[in-house]
K.L.:
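Mind looking over this structure? Questions follow.
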Amino acid sequence: MNIDSTSVYVGPNVHASAPVIRLGLDVKPRYAEALRALGPAVADRLAEVLPGFARDEADWIAALRDGAALSIGDLVAKLALQLQRAAGIDGDLAWSEPSDEPDLVEVFYSYENEDIGLEAGEVACDMLAAIARAADPEEGEPEPVLDDDVEDFLIYAEKRSLGPSAMELVRAARSRDIPVYRLNDASLIQVGQGKYQQRIEAALTSQTSHIAVELAADKNMCNQILSDLGLPVPKQRLVYDVDEALGAADRIGYPVVIKPLDGNHGRGVTVNITGEEGVPAAFATADAEGSAVVVETMLRGDDHRLLVVNGTLVAAARRVPGHVKGDGRSTIAELVEIVNQDPRRGIGHENVLTRLELDEQALRLLEERGYTTETVPPEGEEVYLRKTANISTGGTAVDVTDTIHPDNKLMAERAIRAIGLDVGAVDFLTTDITRSYRETGGGICEINAGPGLRMHIAPSEGKPRDVGGAIIDMLFPPGSQSRVPIAALTGTNGKTTCSRMLAHILKMAGHVVGQTSTDAVMIDGNVTVKGDMTGPVSAKMVLRDPSVDIAVLETARGGIVRSGLGYNFCDVGAVLNVTSDHLGLGGVDTLDGLARVKRVIAEVTRDTVVLNADNEYTLKMAAHSPAKQIMYVTRNPDHELVREHIRLGKRAIVLEQGMNGDQIVIYENGTQMPLIWTHLIPATLEGKALHNVENAMFAAGMAFALGKTLDQIRQGLRTFDNTFFQSPGRMNVFDEHGFRVILDYGHNEAAVAAMVDLVDRLKPRGRRIVCVTCPGDRRDEDVTAIAAKVAGHFDSYICHRDDNVRGRAPDEMPRLMQAALIAQGVDPAAITIIEEEDKALAAALEQAQRDDLILFFCENITRSWKQIIHFTPAFGAPEEDTVARRMAETAFDIPAGYTVISDERGVLIAPQE
């Protein structure tokens with residue numbers, strides 16, 4: 001039983017709306033036959049080592065007993081999920097799907113931590129393989145010990161899981177719909193996004209004062225501050241050697257406590273020292289844990305932990321030192337083992353309670369009592385293994401929040417405010433927490449910064465307290481913002497230009513925009529990381545940036561297929577189009593399959609989904625989106641579905657014709673709102689570049705859905721152009737050579753067709769030259785489709801290749817393109833093969849004459865643009881650009897003997913001089 005491949009989906013994906021792990025599982029026939037023959041006995045065996053399996057999968061196991069066929073894939077998925085649950089990790093998705101290969105099955109299951117999730121899959125396969133081998137063992141094969149597999153996995157998971165305090169804060173944040181990002185392998189967590197984010201590490205937060213933490217750690221200074229305010233604290237002395245400790249104890253008066261100045265978790269603390277004979281050992285213990293040693297008055301009473309959040313006491317617990325209770329039959333060692341079987345107890349801080357240990361301190365306490373580990377204490381007798389009541393050393397807690405006296409509550413709140421902590425805990429000793437400390441005495445023995453929460457989350461006795469919720473509500477008061485608005489868009493063509501347009505509109509409206517695209521991650525218009533940044537890693541990069549207040553996330557098919565989205569949902573989502581591209585890659589072979597991938601964006605949109613009504617694949621996505629509103633985009637003002645949508649008062653963006661050209665119009669609530677004439681948008685080349693008109697419509701629609709005003713949208717569109725600096729590789733036009741050069745990154749049939757249509761609309765006076773290519777990882781039929789779009793529209797064709805041939809021979813793609821053009825009827829004499837991209841561009845520039853047009857499809861955008869702008873034409877400077885010359889480029893007939901001029905009144909036909 002081998003795992004051939006794995007995929008870790010970090011967000012919504014084509015398989016599920018939540019993170020899942022996919023295993024490509026090769027089920028060996030021997031194992032499959034053995035497991036199926038065992039049937040329900042397999043589940044029963046697993047339930048012995050994982051009790052939760054029988055409980056959580058009761059219906060499935062019952063179906064097996066009734067004769068249902070055993071699915072090996074489902075069994076692996078359910079076991080991997082159950083292993084994680086045993087480690088305290090929630091999850092509820094587990095299923096499998098067949099593949100095209102007979103012995104290969106795809107297994108899916110939920111996960112929280114990637115390493116733990118993958119390990120769960122590995123362990124599940126190993127356990128099932130062991131059960132299968134045991135059913136038909138080979139000679140010398142050992143009997144499987146499944147309990148060891150489970151125990152090893154739980155130890156592995158404990159080392160990588162968040163502790164109880166951190167998990168409580170994560171739970172509280174998620175229950176309030178606040179996003180959570182784990183920042184390291186320990187407990188550093190970001191809650192919230194962008195400019196609204198906060199960070200927490202256990203009970204330390206972004207708002208915790210460093211000075212307050214230092215004061216809490218310096219027990220001597222902390223004691224002095226509290227004493228100055230009249231709060232109840234013990235007498236205390238700071239000492240640096242044994243002699244000073246002995247003198248301080250004499251002055252304070254026995255009994256005393258000796259502890260490290262800056263220790264924590266009760267380490268190094270010795271209590272109830274009644275004479276000078278106990279001081280040297282206690283000093284040595286404390287000195288080993290801190291920078292100095294504190295000697296203080298021994299306070300009598302029970303140990304209480306009082307938790308204060310944002311100035312208010314939210315939980316109080318009485319702490320009991322780690323102990324066992326005799327039953328009259330068992331030895332102390334046996335009683336410890338029984339207590340440690342409690343599933344709430346774990347190693348260190350990983351679980352709600354900590355396991356008891358018979359270490360040197362415990363043995364010393366037993367010896368003082370005249371006991372050993374083999375002593376059988378009487379029934380009901382409590383045998384303490386620790387003097388201090390820390391949960392981290394095996395102690396337990398009893399909730400007393402509802403019974404604490406108001407004076408004690410106020411005392412704790414004053415103490416934490418005095419130190420300056422946003423979250424802090426008071427260790428308070430008193431004989432009766434229900435009575436005022438003024439009556440009973442007692443006092444504060446310590447202030448804790450970043451206190452543990454687990455005694456309040458799940459006390460041994462009493463009511464659990466939502467302390468994590470109190471901390472999260474302090475960081476994000478109800479009604480405050482924790483998320484940045486997310487606008488996500490996908491599609492086959494236009495994604496990058498549209499995302500740049502939208503980001504520009506939002507920046508002009510005053511936002512700090514985080515944007516991902518195929519070129520880079522941009523923060524407030526500045527490049528952060530270059531490269532194809534359209535996957536979940538780049539999305540998280542934007543959402544974690546502390547300056548961002550709105551996100552524009554271009555999302556490509558590759559990221560969705562490989563890893564899913566880097567966010568759970570978006571506020572506004574758009575799918576621009578679905579056309580042929582990248583088919584045959586990543587398991588996506590058809591347009592329907594590609595549409596299924598792109599549809600993920602529509603499926604995670606909460607507020608408004610913006611869809612292309614002129615594309616049948618995107619039009620069908622509306623029914624799959626949970627968005628509150630659907631906004632259609634159409635270039636067809638007679639679109640019947642959109643018309644009916646508008647009649648119902650819904651949103652739409654329509655391209656409408658008028659005397660002055662085409663106009664983008666927004667509809668909402670039955671109101672028609674003219675936005676902008678397309679010729680006023682520089683990126684559309686006076687409205688002739690219809691693909692950019694459509695991109696502008698989508699950008700406008702998404703901006704409108706994000707609450708931007710019409711004036712803000714107009715301003716953004718009017719100031720966004722298609723220059724190399726603002727939109728590199730997207731219809732960059734250079735007109736300064738006397739001929740026009742259009743540089744474009746188009747690499748599929750639809751993108752090439754849009755640029756060819758633009759060339760036809762521009763109606764160049766001279767020759768038309770095209771340099772055409774196709775990426776090497778595309779199918780041969782994609783080359784044919786591109787050739788069909790350019791054939792017949794140009795006078796000269798130069799076939800070249802990308803720098804990265806992607807597995808093809810150096811001349812393979814150019815020759816395929818040449819053959820496809822000839823098959824489309826292009827004269828072979830008009831076709832030239834120049835393999836290398838830069839040499840092909842150089843040849844096109846050299847042959848161009850005045851008024852010609854070059855359309856160059858490239859891979860290396862920056863190099864090609866530099867090559868264009870630094871070229872010097874052989875025929876000298878271009879002619880003056882006059883009104884008459886421009887009019888001559890159109891179909892308008894100028895009467896004989898007349899010419900076209902312009903003055904302050906406009907354009908006129910005037911007699912020639």
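For clarity, every value in this text was computed on a predicted model and none was experimentally measured.
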K.L.:
Answer yes or no: is there an ion pair linking Asp303 with Arg318, defined by an N-O contact shorter than 4.0 Å?
P.N.:
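Between Arg318 and Asp303 there is no salt bridge, as every charged N stays at least 4.0 Å from the carboxylate O atoms.
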K.L.:
Pick out which of Val191, Ile189, Ile200 makes a side chain to side chain contact (heavy atoms under 4.5 Å, CB included) with Val170.
P.N.:
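When Val191, Ile189, Ile200 are each tested with Val170, the side chain to side chain contact (heavy atoms under 4.5 Å, CB included) holds only for Ile189.
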K.L.:
Check whether any side-chain N or O of Gln84 sits under 3.5 Å from a backbone N or O of Ile116 as a donor-acceptor pair, and report yes or no.
P.N.:
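Side chain of Gln84 to backbone of Ile116: no pair is present.
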K.L.:
Are there more than 12 heavy atoms of other residues, nucleotides or ligands under 6.0 Å from atom CE of Met221?
P.N.:
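Counting neighbours around CE of Met221, 12 or fewer heavy atoms of other residues, nucleotides or ligands fall under 6.0 Å, so no.
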K.L.:
Can you tell me if Gln481 has over 12 outside heavy atoms packed within less than 6.0 Å of its CD?
P.N.:
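Check passes, neighbour count above 12.
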K.L.:
Measure the shortest side-chain to side-chain distance between Asp92 and Ser110 over non-hydrogen atoms and say whether it is less than 4.5 angstrom.
P.N.:
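Yes, side chains in contact.
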K.L.:
Does the His304 side chain pair with the main chain of Asp302, one donor and one acceptor, at a distance under 3.5 Å?
P.N.:
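Yes: the side chain of His304 pairs with the backbone of Asp302.
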K.L.:
Verify, without hydrogens or angle tests, whether Thr373 (side chain) and Ala333 (backbone) share a donor-acceptor contact under 3.5 angstrom.
P.N.:
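Answer holds: no.
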K.L.:
Is it true that Glu244 and Arg237 make a salt bridge, defined as a side-chain N closer than 4.0 Å to a carboxylate O?
P.N.:
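No, no charged N to carboxylate O under 4.0 Å.
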K.L.:
Do any N or O atoms from the side chain of Glu334 and from the backbone of Thr331 form a donor-acceptor pair under 3.5 angstrom?
P.N.:
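Yes, the answer is positive, given that a donor and an acceptor are paired below the 3.5 Å cut-off.
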K.L.:
Taking Gly194's backbone N and O only, do any of them form a donor-acceptor pair with Gln197's side chain (distance below 3.5 Å, no angle check)?
P.N.:
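Indeed, once roles are kept as given, a pair shorter than 3.5 Å links the two residues.
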K.L.:
Can Glu296 and Lys219 be said to form a salt bridge (Lys or Arg N to Asp or Glu O under 4.0 Å), step by step?
P.N.:
CA-CA 10 Å; Glu296 68 180 23; Lys219 294 176 174 53; over 6 Å; no
K.L.:
Ring-plane angle category for Tyr437 and Phe428, please: parallel below 30°, perpendicular beyond 60°, tilted otherwise.
P.N.:
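Plane angle over 60°, so perpendicular.
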K.L.:
Check the side chains of Asn408 and Ser436 for a donor-acceptor pair under 3.5 angstrom, ignoring hydrogens and angles.
P.N.:
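No, no side-chain donor-acceptor pair sits under 3.5 Å.
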K.L.:
Would you name the heavy atoms of Phe283 and Asp241 that are closest together and state the gap between them?
P.N.:
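Between these two residues, the closest heavy atoms are CZ-CA, 3.4 Å.
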K.L.:
Identify the heavy atoms of Ser547 and Ile523 that sit nearest to each other, and give their distance.
P.N.:
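Taking Ser547 first and Ile523 second, the nearest heavy atoms are OG-CG2, 3.6 Å.
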K.L.:
Please report the shortest heavy-atom distance between Arg160 and Tyr156, naming the atom on each side.
P.N.:
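In this case the closest contact between Arg160 and Tyr156 is NH1-O, 3.0 Å.
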K.L.:
Check whether any side-chain N or O of Ser209 sits under 3.5 Å from a backbone N or O of Leu421 as a donor-acceptor pair, and report yes or no.
P.N.:
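Not a single qualifying donor-acceptor pair exists.
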K.L.:
Is the closest side-chain heavy-atom distance between Val308 and Val314 below 4.5 Å?
P.N.:
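No; the side chains remain at least 4.5 Å from each other.
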K.L.:
Return the CG to CG distance between Asn448 and Leu306, rounded to the nearest 0.5 Å.
P.N.:
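Between Asn448 CG and Leu306 CG, I get 10.5 Å after rounding to 0.5 Å.
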K.L.:
Do the charged groups of Asp402 and Arg465 touch, with an N to O distance under 4.0 Å?
P.N.:
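Judged by the 4.0 Å cut-off on N to carboxylate O distance, Asp402 and Arg465 do form a salt bridge.
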K.L.:
Roughly how far, to the nearest 0.5 Å, is the CD1 atom of Ile178 from the CD atom of Gln190?
P.N.:
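So the gap between those two atoms works out to 12.0 Å.
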K.L.:
How about Pro179 and Leu543: do any of their side-chain heavy atoms sit closer than 4.5 Å?
P.N.:
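A side-chain contact is absent here, since even the closest heavy-atom pair is not under 4.5 Å.
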K.L.:
So, taking the atom named CZ in Arg85 and the one named CZ in Phe53, what distance separates them when rounded to the nearest 0.5 Å?
P.N.:
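Taking CZ in Arg85 and CZ in Phe53, the distance rounds to 10.0 Å.
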K.L.:
Do Val294 and Val239 pass the side chain to side chain contact (heavy atoms under 4.5 Å, CB included) test, and can you show the C-alpha distance, the side-chain angles, and the key distance before you say yes or no?
P.N.:
CA-CA 6 Å; Val294 171; Val239 298; over 6 Å; no
K.L.:
Quick one about Gln82 and Asp56 (side-chain donor to acceptor, distance below 3.5 Å, no hydrogens or angles considered), yes or no?
P.N.:
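There is such a pair between these side chains.
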K.L.:
When you measure from the side chain of Ser206 to the backbone of Arg199, do you find a donor-acceptor pair of N or O atoms at a distance under 3.5 Å?
P.N.:
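Such a contact is found between Ser206 side chain and Arg199 backbone.
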K.L.:
Would a 4.5 Å heavy-atom cut-off, applied to side chains only, mark Asp218 and Leu215 as touching?
P.N.:
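No. Closest side-chain heavy atoms not under 4.5 Å.
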K.L.:
Mind listing the closest non-hydrogen atom pair of Pro377 and Gly326 along with its distance?
P.N.:
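Of all heavy-atom pairs spanning Pro377 and Gly326, the closest is CG-CA, 3.8 Å.
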K.L.:
Please report the C-alpha distance between Leu453 and Leu307 in whole Å, then the side-chain angles of each, then the deciding distance to 0.1 Å, and finally whether the side chain to side chain contact (heavy atoms under 4.5 Å, CB included) criterion is met.
P.N.:
CA-CA 9 Å; Leu453 306 179; Leu307 181 66; 3.9 Å; yes
K.L.:
For the pair Thr208 (side chain) and Leu204 (backbone), establish whether a donor and an acceptor sit closer than 3.5 Å, ignoring hydrogens and angles.
P.N.:
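Judged by distance alone, no pair lies under 3.5 Å.
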K.L.:
Among pairs that include at least one residue of residues 174-187, which meet salt bridge (charged side-chain N to carboxylate O under 4.0 Å, His left out), considering only residues two or more places apart or in two chains?
P.N.:
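Every salt bridge (charged side-chain N to carboxylate O under 4.0 Å, His left out) pair that includes a residue of residues 174-187, provided the two are not neighbours, is Glu112-Arg174, Arg176-Asp466, Arg176-Asp473, Asp177-Arg483, Asp177-Arg606.
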K.L.:
Test side chain to side chain contact (heavy atoms under 4.5 Å, CB included) on Tyr111 and Val10 and set out the steps.
P.N.:
CA-CA 9 Å; Tyr111 75 99; Val10 299; 3.9 Å; yes
K.L.:
Less than 4.5 Å apart, any side-chain heavy atom of Thr434 and any of Ile404?
P.N.:
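No, every pair of side-chain atoms sits at 4.5 Å or beyond.
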K.L.:
Atom CD1 of Ile225 and atom CD1 of Ile447: how far apart are they, to the nearest 0.5 Å?
P.N.:
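Answer rounded to 0.5 Å: 10.0 Å.
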K.L.:
Measuring from atom CE of Met411 to atom CG of Leu226, what distance do you get when rounded to the nearest 0.5 angstrom?
P.N.:
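That separation rounds to 10.0 Å.
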K.L.:
Measure from the side-chain N and O atoms of Thr274 to the backbone N and O of Pro255, and report whether any donor-acceptor pair falls under 3.5 Å.
P.N.:
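No; zero donor-acceptor contacts below 3.5 Å.
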K.L.:
Kindly indicate whether the side chain of Met298, heavy atoms from C-beta on, has any atom under 4.5 Å from the side chain of Ile273.
P.N.:
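The answer is no, as the side chains (C-beta and beyond) never meet within the 4.5 Å cut-off.
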K.L.:
If the threshold is 4.0 Å, N to carboxylate O, is there a salt bridge linking Lys195 and Asp545?
P.N.:
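A salt bridge is absent here (no side-chain N lies under 4.0 Å from a carboxylate O).
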K.L.:
Please determine if Lys463 and Asp399 form a salt bridge, counting it only when a charged side-chain N lies under 4.0 Å from a carboxylate O.
P.N.:
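Salt bridge between Lys463 and Asp399, a charged N being under 4.0 Å from a carboxylate O: no.
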K.L.:
At their closest point, which heavy atom of Tyr240 faces which heavy atom of Ala292, and how far apart are they?
P.N.:
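Smallest interatomic distance, heavy atoms only, reads CE2-CB, 3.5 Å.
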K.L.:
Is Arg305 reaching over with its side chain to a backbone N or O of Ala317, donor-acceptor style, under 3.5 angstrom?
P.N.:
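No, the answer is negative, given that no donor and acceptor are paired below the 3.5 Å cut-off.
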K.L.:
Have Thr440 and Thr430 got a donor and an acceptor in their side chains that come within less than 3.5 Å?
P.N.:
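Yes, Thr430 and Thr440 have a side-chain donor paired with an acceptor closer than 3.5 Å.
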K.L.:
Does the side chain of Tyr254 come within less than 4.5 Å of Val279's, by heavy atoms?
P.N.:
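Yes - at least one pair of side-chain heavy atoms lies under 4.5 Å apart.
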K.L.:
Measure across Gly91 and Leu81 and return the closest heavy-atom pair with its distance rounded to 0.1 Å.
P.N.:
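Taking Gly91 first and Leu81 second, the nearest heavy atoms are C-CD1, 3.7 Å.
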K.L.:
Can you tell me how far apart CD (Glu374) and OG (Ser330) are? Round to the nearest 0.5 Å.
P.N.:
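If I round to the nearest 0.5 Å, the distance is 11.5 Å.
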K.L.:
Is there side-chain contact between Leu118 and Ile21, with heavy atoms separated by less than 4.5 Å?
P.N.:
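Yes. Closest side-chain heavy atoms under 4.5 Å.
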K.L.:
With side chain to side chain contact (heavy atoms under 4.5 Å, CB included) as the criterion, how do Arg414 and Leu229 come out once you've worked through the C-alpha distance, each side chain's angles and the decisive distance to 0.1 Å?
P.N.:
CA-CA 9 Å; Arg414 285 188 62 213; Leu229 295 178; 3.9 Å; yes
K.L.:
Quick check on Asp90: does its CG atom have over 12 non-hydrogen neighbours (other residues, nucleotides or ligands) under 6.0 Å away?
P.N.:
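12 or below, so no.
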